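Down below is the structure, laid out as C-alpha cells.
First listed ligand is number 1; within each ligand, the first listed atom is number 1. All of these numbers come straight from a predicted model, not from anything done at the bench.
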Amino acid sequence: MLLISPDSVEEALDCAKAAEHLDIVDVKRPDEGSLGANFPWVIREIRDAVPADKPVSATVGDVPYKPGTVAQAALGAAVSGATYIKVGLYGCTTPEQAIDVMRGVVRAVKDHRPDAFVVASGYADAHRIGCVNPLALPDIARRSGSDAAMLDTAIKDGTRLFDHVPPDVCAEFVRLAHEAGLLAALAGSVKTGDLGTLTRIGTDIVGVRGAVCEGGDRKAGRIRPQLVAAFRAEMERHASEHTAAIAAAN
Ligand SMILES: O=C[C@H](O)COP(=O)(O)O
C-alpha cells in the first residue's frame, strides 16, 4: 500500500486528484517534527476532502513518554475522522515505556472505534535521538495490541531509511512484524530507487512525502498528483516483476 502525507487541506485536495494511485492519506504537520501532529480540524477537513473509500491516517506526534497525554491525543485524532492512528515513540527509551504508551493508545482508540488501525512507529535513526531500537518495534506493537509496526526517520536532513537501517535489517523488521501478525510499514525519504528492495523484502505499507513533492522537497515543495501517479506506477512495476520472479523460480 502507498501512504502519502499531505500537511494541509490544499495538499490533501491534490492527493484527492491522485486518489486512484494511493491507498492511505496521512495527515501530519512536518513543522512539528517528522511525525508532527496536525490540528483536529485539519484532520476533519481532509477526511471530508478525500474520497470516502480512502482511509485517512493521522500522526499523533513525536510523542513523549506520557501515556495518558498520548492516549488522549490519539483519541482526538480518531474522533476527528482518522482511522489509522500513527504514534511516533520519540520519547520512549525502553520497550516497556513504548508498550505503556501504545497500550493506552490502543485502548483509547479502539474503545471509540474498534475497527481503527493503530500503528506503532519507531525511528530508523533511533541512535541519533536515543529512543527504542528499530528492531524492537514489532514486539512493542504486538504486545500493545497495535496493528502495524513502522519505521520512519526522525531527523529529516537528507539521510534516508537505508542509511540508518540497511536493507537486510529492514528485511528482518518486516519478518518480525509478519511473524507477530502485523503489517510492516517503512518510510524515511524513500525514493523510487528503493522500491525494488522494499518490494522484495515484503513491505506492506510504503510511506512517502518528499518523493512526491515538487523538487523532492518535503518542506518547501508541495505534493503533486503526477508525482504520486509516477511513484505508484513504479510500485506496480516492481510488484509485477517480483511476482514474475517468484513464479519463474517455482
Ligand atoms: O509517513 C511518511 C513520511 O511522511 C515520510 O516522509 P518523507 O518521505 O518525506 O521522509
(request) Sequence neighbours left out, what pairs pass side-chain hydrogen bond (donor to acceptor under 3.5 Å, both in side chains) with at least one residue falling in residues 170-185? (result) Glu172-Arg175, Arg175-Glu179, His178-Asp204
(message) Classify the ring geometry of Tyr123 against Tyr90: parallel below 30°, tilted from 30° to 60°, perpendicular beyond 60°.
(response) perpendicular
(request) Please determine, by modelled atom types, if Thr159 and His164 share a side-chain donor-acceptor pair under 3.5 angstrom. (result) yes
(message) List the protein residues in contact with ligand 1, where contact means a heavy-atom separation under 4.0 angstrom.
(response) Leu3, Ser5, Asp26, Lys28, Lys86, Met150, Asp152, Lys156, Ala187, Gly188, Ser189, Gly207, Val208, Arg209, Gly210, Arg218
(request) May I ask you to test the Ile155-Ser34 pair for a side-chain heavy-atom distance under 4.5 Å? (result) no
(request) Can you run down the salt bridge (charged side-chain N to carboxylate O under 4.0 Å, His left out) pairs that involve residues 40-59, sequence neighbours left out, and say none if there aren't any? (result) none
(request) Could you list the residues that satisfy side chain to side chain contact (heavy atoms under 4.5 Å, CB included) with Pro6, not counting sequence neighbours? (result) Glu11, Ala12, Cys15, Val25, Ile223
